[in-house]
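Reading through the structure tokens given below for one structure.
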Amino acid sequence: MGQSDTRVRIQGAAATLFRRHGYSATGLKRIATEAEAPFGSIYHFFPGGKQQLAEDMIRTSGSEYGRMVLALLDSVADPAESLVHAFDAAADDLAAADYADACPIGTVALEVASSNEVLRAATAEVFEEWVDAAAQWFGRWVAEPAAARSLACSMVMMLEGAFMLSRASRDPEPLRVAGRSMAELLRTAVTRANKG
């Protein structure tokens, strides 16, 4: 295996462990063990240590997750139905992961918001990317940019909040409710836009 394989394994292990256990509870030795990589290789690829590895994970996993959500939204022609479908898929995935794997950056974002400016800024930038991309998606059906952005913010907030509730209750229903609520918000926005 080459160096790039080792780096990818480290990134994958870090993403899983940070998502499941948070930043503080995840040690570099555990990441190295999970990645089946020598401990020193973490510093070879990430000279800034744990913080650099976490920042890389936030940006990489965050972008990948954003693309995955948009692909789910584009997989169903009717936009309201596609929202229900995307939230249902998130519910199914979370239940299949025994409520361990939710948003790739949500766990870290909650933890570092007031304690680590570098990681807080990285999570804020990823959330902003998600909102911007979702606003473009909603803009296909709601021409008013402010309304499309409001829907995008609502979707991200509902998704993150529903992940938290589903994980805490070990029940996928909050995600399913959030999907139906987002579909209704979109239908209302489209109706309002058509009347104006």
Side-chain angles (χ1 to χ4, degrees), residues 4-5 7-23 26 34-35 53-112 119 121-142 148-167 171-183 185-186:
S4 65
D5 292 335
R7 181 183 171 97
V8 168
R9 287 197 321 274
I10 290 169
Q11 287 172 310
T16 298
L17 293 170
F18 287 139
R19 179 175 60 237
R20 289 182 180 175
H21 306 294
Y23 180 71
T26 301
E34 292 289 322
L53 181 55
E55 184 180 11
D56 176 81
M57 180 280 301
I58 290 165
R59 294 183 189 287
T60 303
S61 296
S63 292
E64 290 171 3
Y65 190 74
R67 285 189 297 274
M68 182 197 71
V69 170
L70 286 175
L72 271 172
L73 291 174
D74 284 338
S75 69
V76 176
D78 179 86
E81 289 177 20
S82 81
L83 285 162
V84 171
H85 170 70
F87 277 79
D88 282 350
D92 293 343
D93 289 347
L94 185 61
D98 197 29
Y99 300 93
D101 293 333
C103 169
I105 66 165
T107 303
V108 174
L110 287 171
E111 182 182 356
V112 302
L119 299 182
T123 58
E125 288 170 20
V126 168
F127 283 133
E128 187 63 24
E129 286 174 20
W130 292 355
V131 169
D132 288 345
Q136 288 181 9
W137 186 83
F138 282 109
R140 297 181 200 169
W141 296 279
V142 179
R149 185 163 184 81
S150 178
L151 286 166
C153 287
S154 295
M155 185 182 80
V156 172
M157 291 183 293
M158 282 194 194
L159 183 62
E160 293 301 317
F163 272 136
M164 211 178 321
L165 289 173
S166 288
R167 287 183 79 186
D171 182 354
E173 191 58 20
L175 280 159
R176 298 187 196 290
V177 169
R180 293 190 300 268
S181 296
M182 275 309 308
L185 282 175
L186 177 60

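Quick caveat, the model's predicted, so the values are computed rather than measured.
- Without hydrogens or angle criteria, Asp98 side chain to Ala100 main chain gives no donor-acceptor distance under 3.5 Å.
- Without hydrogens or angle criteria, Glu111 side chain to Tyr23 main chain gives a donor-acceptor distance under 3.5 Å.
- Of all heavy-atom pairs spanning Ala135 and Ala152, the tightest one is N-CB, 3.4 Å.
- Taking CG of Leu53 as the start and CD1 of Ile58 as the end, the distance is 10.0 Å to the nearest 0.5 Å.
- The minimum heavy-atom distance linking Gly106 with Cys103 is given by the pair N-SG, 3.2 Å.
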Residue pair Thr107, Arg167: steps toward the side-chain contact (heavy atoms from CB on, under 4.5 Å) verdict: CA-CA 11 Å; Thr107 303; Arg167 287 183 79 186; 3.2 Å; yes

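- Inter-residue side-chain proximity for Asp171 and Leu165 is flagged as unmet; no heavy-atom pair is nearer than 4.5 Å.
- Contact detail for Val156 and Phe127: the closest heavy-atom pair is CG1-CD2, 4.1 Å.
- Looking at Thr26, its side chain never comes within 3.5 Å of a backbone N or O of His21 through a donor-acceptor pair.
- Looking only at side-chain heavy atoms (C-beta outward), Trp130 and Glu160 come within less than 4.5 Å of each other.
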Report the C-alpha separation of Val84 and Glu81 in whole Å, then their side-chain angles, then the decisive distance to 0.1 Å, and conclude whether the side-chain contact (heavy atoms from CB on, under 4.5 Å) test is met. CA-CA 5 Å; Val84 171; Glu81 289 177 20; 5.6 Å; no

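- Contact detail for Arg9 and Ala35: the closest heavy-atom pair is NE-O, 2.7 Å.
- Between Ile105 atom CD1 and Arg19 atom CZ the span is 12.0 Å, to the nearest 0.5 Å.
- For the pair Pro104/Phe18, no side-chain contact is recorded, criterion being any heavy-atom separation below 4.5 Å from C-beta on.
- Note that the CD atom of Glu64 and the CE atom of Met57 stand 11.0 Å from one another [nearest 0.5 Å].
- Rounding to the nearest 0.5 Å gives a distance of 5.0 Å between CG of Leu72 and NE2 of His85.
- Between Arg20 and Asp101, the shortest heavy-atom distance links the atoms NE-OD1, 2.7 Å.
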Tell me, with the steps shown, if Arg180 and Leu83 meet side-chain contact (heavy atoms from CB on, under 4.5 Å). CA-CA 8 Å; Arg180 293 190 300 268; Leu83 285 162; over 6 Å; no

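- Atom CH2 of Trp141 sits about 11.0 Å away from atom CG of Leu151, to the nearest 0.5 Å.
- Of the possible polar contacts, none joining the Trp137 side chain to the Pro79 backbone as a donor-acceptor pair under 3.5 Å is found.
- Of all heavy-atom pairs between Leu110 and Met164, the closest is CD1-CE, 4.0 Å.
- Using a 4.5 Å heavy-atom cutoff, the side chains of Leu185 and Met182 are in contact.
- Taking 4.0 Å as the cut-off between side-chain N and carboxylate O, Arg176 and Asp92 count as a salt-bridged pair.
- Remark: Arg149 engages Glu128 in a salt bridge, criterion side-chain N to carboxylate O under 4.0 Å.
- For the pair Gln11 and Asp56, the minimum side-chain heavy-atom distance is below 4.5 Å.
- With contacts defined as side-chain heavy-atom distances shorter than 4.5 Å, the pair Glu173/Ser166 does not qualify.
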Applying side-chain contact (heavy atoms from CB on, under 4.5 Å), run through Met155 and Phe138 and close with a yes or a no. CA-CA 10 Å; Met155 185 182 80; Phe138 282 109; 4.1 Å; yes

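- Distance OG/Ser82 to CG/Leu73: 5.0 Å, rounded to 0.5 Å.
- Comment: Arg140 engages Asp74 in a salt bridge, judged by a side-chain N to carboxylate O separation of less than 4.0 angstrom.
- Under 4.0 Å is where a charged nitrogen must lie from a carboxylate oxygen, and between Glu129 and Arg59 no such pair does.
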